[in-house]
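Report on the structure given below.
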Amino acid sequence: MSEKLLNNAVNKIRKRGIFKADIALVLGSGLGNFVDALSKTTRIPFAEIPGFPISTVEGHSGELVHGFLGDVSVLVNSGRVHFYEGYSLDQVIYPVRVLNALGARNIILTNAAGSIREDYAPGDLMLITKLLNLTGHSVYPDAAQPENIFDAELMDLVIQTAHGVSVPLKTGSYAGLNGPSYETPAEIRFLRLKQADAVGMSTIHESMAAFQLGMKVLGISCLTNYAAGILDQPLNHKEVMETGIRVREDFATLLSELVQVISLKAQ
Ligand code: HPA
């Protein structure tokens with residue numbers, strides 16, 4: 001994904017009147033309703049943005065939405081692509097590069113994830129404090145990867161903000177695998193042993209790319225199901241979508257408040 005393509009994407013978006021962004025968000029499976037809180041929105045389907053990969057997964061509507069929360073200028077990628085869809089890592093992280101090139105200094109990456117702990121129930125939100133990159137790939141160029149991808153100050157703000165709006169929030173480590181199938185119960189026992197709290201198939205490469213670009217990064221998971229083998233029943237994509245729908249009001253409340261708190265802090 002060349003600089004030229006990136007510039008074409010940025011120019012195309014600017015032509016739609018989008019010039020400045022205080023904060024960017026990437027919304028995962030079933031979590032797209034946050035954009036309803038925005039005013040004066042401009043929507044650009046991903047298919048119209050040069051280089052943007054298009055998701056094939058149900059629940060990812062696939063558009064870039066710009067709008068305002070109060071006077072905070074917000075850019076949202078509603079939908080994302082996954083490595084398992086056959087896209088290269090370059091393609092997976094390209095939308096984050098575009099958000100960065102549009103001037104967003106802060107980014108909140110969200111996803112749907114499976115819970116690896118009995119005490120983290122479907123419907124809980126989890127602030128990601130650490131990543132376990134188990135994808136076998138890395139976009140990070142150096143031999144030594146940074147331990148702390150997520151911004152400590154912003155993480156504190158998320159915890160305070162969640163408390164302030166009475167949205168329960170867990171914290172924990174997110175293990176990222178390639179998918180596309182859910183894990184086996186034995187794999188989940190392994191991940192539990194390795195102190196992962198949630199498991200998913202996105203966010204890893206986007207977080208690392210955003211960090212590398214110098215953005216302040218946050219990750220929040222919506223725990224949509226117990227991971228395989230935690231309960232004595234099989235899991236399915238329908239459950240993941242249904243839980244997303246059930247908790248998305250809470251999620252949108254938290255994100256709206258957070259966007260405003262972060263922008264105040266950044267001033
Ligand atoms: N495993 C992996 N990815 C997921 C899960 C899961 O249980 N739930 C939502 N995304």
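Start at 1 and go down the list; that is how both ligands and their atoms are numbered. Small disclaimer: the values here were computed from a predicted structure and weren't measured. Below, each value reflects all heavy atoms present in this structure, side chains not excepted, and no hydrogens, waters or symmetry copies.
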Nitrogen or oxygen contacts under 3.5 Å, ligand 1 side and protein side:
{"unit_1": "ligand 1", "atom_1": "1 (N)", "unit_2": "Glu183", "atom_2": "OE1", "d": "2.8"}
{"unit_1": "ligand 1", "atom_1": "1 (N)", "unit_2": "Glu183", "atom_2": "OE2", "d": "3.3"}
{"unit_1": "ligand 1", "atom_1": "7 (O)", "unit_2": "Asn225", "atom_2": "ND2", "d": "2.9"}
{"unit_1": "ligand 1", "atom_1": "8 (N)", "unit_2": "Gly114", "atom_2": "N", "d": "3.3"}
{"unit_1": "ligand 1", "atom_1": "8 (N)", "unit_2": "Asn225", "atom_2": "OD1", "d": "2.7"}
{"unit_1": "ligand 1", "atom_1": "10 (N)", "unit_2": "Ala112", "atom_2": "O", "d": "3.3"}

task = Indicate whether the side chain of His163 and that of Gln160 have a donor and an acceptor atom separated by less than 3.5 Å.
result = no
For residues 93-116, the salt bridge (charged side-chain N to carboxylate O under 4.0 Å, His left out) pairs (sequence neighbours left out) are Glu3-Arg97
Report all side-chain donor-acceptor pairs from residues 206-228 shorter than 3.5 Å, counting only partners two or more places apart or in another chain.
{"unit_1": "Glu206", "atom_1": "OE1", "unit_2": "Arg80", "atom_2": "NE", "d": "3.1"}
{"unit_1": "Glu206", "atom_1": "OE1", "unit_2": "Arg80", "atom_2": "NH2", "d": "3.3"}
{"unit_1": "Glu206", "atom_1": "OE2", "unit_2": "Arg80", "atom_2": "NE", "d": "2.9"}
{"unit_1": "Glu206", "atom_1": "OE2", "unit_2": "Thr203", "atom_2": "N", "d": "3.4"}
{"unit_1": "Ser207", "atom_1": "OG", "unit_2": "Thr203", "atom_2": "O", "d": "2.5"}
{"unit_1": "Ser221", "atom_1": "OG", "unit_2": "Asn111", "atom_2": "OD1", "d": "2.7"}
{"unit_1": "Thr224", "atom_1": "OG1", "unit_2": "Ala113", "atom_2": "O", "d": "3.3"}
{"unit_1": "Tyr226", "atom_1": "OH", "unit_2": "Glu118", "atom_2": "O", "d": "2.8"}

Requested in this report: Classify the ring geometry between His82 and Tyr84 as parallel (under 30°), tilted (30 to 60°) or perpendicular (over 60°).
Outcome: parallel
In short, side-chain hydrogen bond (donor to acceptor under 3.5 Å, both in side chains) pairs touching residues 250-261 with sequence neighbours left out are none
(Q) Hydrophobic cluster membership, with links at side-chain heavy-atom distances under 4.5 Å among I/L/V/M/F/W/Y: are Val247 and Leu27 in one? (A) no
